[in-house]
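See structure below.
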2 protein chains.
Amino acid sequence: MPSDRSAVTLAVSTVVFALRPDPATGALTLWLPLVRRIREPYEGMWALPGGPLGEDEDLAASARRTLDVTTGLQPHYLEQLYCFGDVDRSPSQRVVSVVYWTLVRADEDASALERPGAENVEWFAADDVATHPGRLAFDHTTILAYALDRLRAKITYSPIAHAFLPAEFTLAELRAVYEGVLRRPLDPANFRRQILAQGTVEPTGGHREGTRHRPPALYRSNPARSRATLTIPADQEIPS
Amino acid sequence: MPSDRSAVTLAVSTVVFALRPDPATGALTLWLPLVRRIREPYEGMWALPGGPLGEDEDLAASARRTLDVTTGLQPHYLEQLYCFGDVDRSPSQRVVSVVYWTLVRADEDASALERPGAENVEWFAADDVATHPGRLAFDHTTILAYALDRLRAKITYSPIAHAFLPAEFTLAELRAVYEGVLRRPLDPANFRRQILAQGTVEPTGGHREGTRHRPPALYRSNPARSRATLTIPADQEIPS
DNA sequence: GCAAAAGTGTTGGCCTTACACCCATGG
DNA sequence: CCATGGGTGTAAGGCCAACACTTTTGC
């Protein structure tokens, strides 16, 4: 029988996604910040930002706090991903991790670099890290792969893509978010119709100026409509 | 800053669903077993089966163990639901609960009644309990409502309905599972076509005998095909 | 005028819904 | 031969993928 007060450590970690241009192809891809471990186990390796749960803070609050401390980020969208608790996932003591995932805008992540301790925070291409086991500490590669799956599934039936964008955006920018997350091109015409049909965005009336073509209309997200499905056509190569 | 070794207690609880005929209407509805609390806080109230996490057991193993100890059930399908950890969810000490949910067959739950300690286990109609706040200890009403949502969503895109049924079943029995979970009637003809089209079941070749009408074909679940969507038509009153 | 992206129109095909209809068995 | 559910057929309508086409701007 287990003891009433166990020696299990409870930690909260967060998978942070941002969309950035890939330095090689220039296409938008998913990146995430990782923190270099400064103690054993896995000292020197990269790991998800996080830390032990505070005794008087809720789980999501703990995720926000540790994220702010390590990376300076204050995300809008934050959702619990999964609780990982296998006995052998940490070599020393028993650690159960409640993992959250979050989306941040590309323009938010810059602040992380000017912080003290920023030398132990670095951004990585999410799919590159997720497909190379052993690069991350603990079971964090598994966790990252799981978070990527969840993001790619959820973006098709929930308007979370807005969290990658500022308050006002064009439909082309929104489409670029979907294309970057799903790694496939989408038909602009059909994308427009589906997004407008589900009512998750509304036109602001303004237009983006300064382009060298027809000025696109600006939209904002419509909080009233929050549930709608987007159908994604068959997989294709994304042209670079 | 939180201490490295916190005084937070980690518990694992499980929401168990079974389909049973409603005593009033006779229609299949969702039921779940609850355990009477025998100590403070909430002594005497009903709560989800569960208990503290063992130091050398995985989370799912803990769910299976506590479920077996309290109810004698050994479920086939077991999935993590969510981790609940608000500071004030338990009046005394801080408790973080990793909650699982599971489906059991109607013929499995009988064994629970012959066990020692069975007088502290009772089955309740899930929707009745979920819609009456204050009947359960802690935040277990919230947890149950969340589990119900998840079950009703997941049954439309995953073949979990099989977990309610024995190895061989007719399509009418499978349809009755969907109707019981979703609380609406489904067109038998269209249901048959959708289920067969997604390939999650395969005919055994046998037929159910002893009915007072045409003998229906028997099917078994096809483990190869595990992902398929079922479209549910508009909401309707279910006739009793 | 030309390039480029915004935005609209249209067609064919697939899937679902609703419901009619036939099949097989017990009584 | 009737009642009952099993099982098949089918037509109308909706939705989507594909792609042609028009619009509006900068240069």
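Just so it is clear: chains get the letters A, B, ... in the order the sequence lines come, proteins before strands, and each one is counted from 1.
- Computed from coordinates, the A/R208 CZ to C/dG7 P distance equals 12 Å when rounded to whole Å.
- Under the rule for a side-chain contact (heavy atoms from CB on, under 4.5 Å), the partners of A/R193 that lie at least two apart in sequence or sit in another chain are A/A189, A/N190.
- Taking the charged nitrogens against the carboxylate oxygens, B/R175 and B/E179 do have a contact shorter than 4.0 Å, which makes a salt bridge.
- Across all strands shown, B/R175 has heavy atoms under 4.0 Å from sugar-phosphate atoms exclusively, and none from any base.
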Run the side-chain contact (heavy atoms from CB on, under 4.5 Å) test on A/F169 and A/V201 for me, step by step, so that the C-alpha distance in whole Å, both residues' side-chain angles and the decisive distance to 0.1 Å come before the verdict.
CA-CA 10 Å; A/F169 50 86; A/V201 301; 3.9 Å; yes
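- In this structure, A/H207 places its NE2 atom 18 Å from P of C/dA5, rounding to the nearest Å.
- Atoms CZ (A/F191) and P (C/dA6) sit 12 Å apart, rounded to a whole Å.
- One interatomic measurement links the two molecules: CG of B/L196 to C1' of C/dC15, which rounds to 16 Å at whole-angstrom precision.
- Here the C1' atom of nucleotide C/dA6 and the CZ atom of A/F169 are 16 Å apart, to the nearest Å.
- A straight line from CD1 of A/I195 to C1' of D/dC16 spans 14 Å, rounded to a whole angstrom.
- Between B/R192 atom CZ and C/dC23 atom P there is a gap of 15 Å when expressed in whole angstrom units.
- Here D/dG6 presents its P atom at 14 Å from CG of B/L186, a figure rounded to the nearest Å.
- Residues B/L151 and B/W101 meet the side-chain proximity criterion, which asks for heavy atoms closer than 4.5 Å.
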All N/O pairs under 3.5 Å across the protein-nucleotides 19-27 of chain D interface:
unit_1	atom_1	unit_2	atom_2	d
D/dT23	O2	A/R214	NH1	2.8

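- Within the cation-pi definition used here (under 6.0 Å to the ring centroid, within 45° of the axis), B/R135 does not qualify as a partner of B/W46.
- Look at B/Q194 and you'll find a side-chain N or O under 4.0 angstrom from OP1 or OP2 of C/dT17.
- Pairs of residues two or more places apart, or lying in two chains, that qualify as side-chain hydrogen bond (donor to acceptor under 3.5 Å, both in side chains) and include a residue from residues 163-173 of chain B are B/E173-B/R208.
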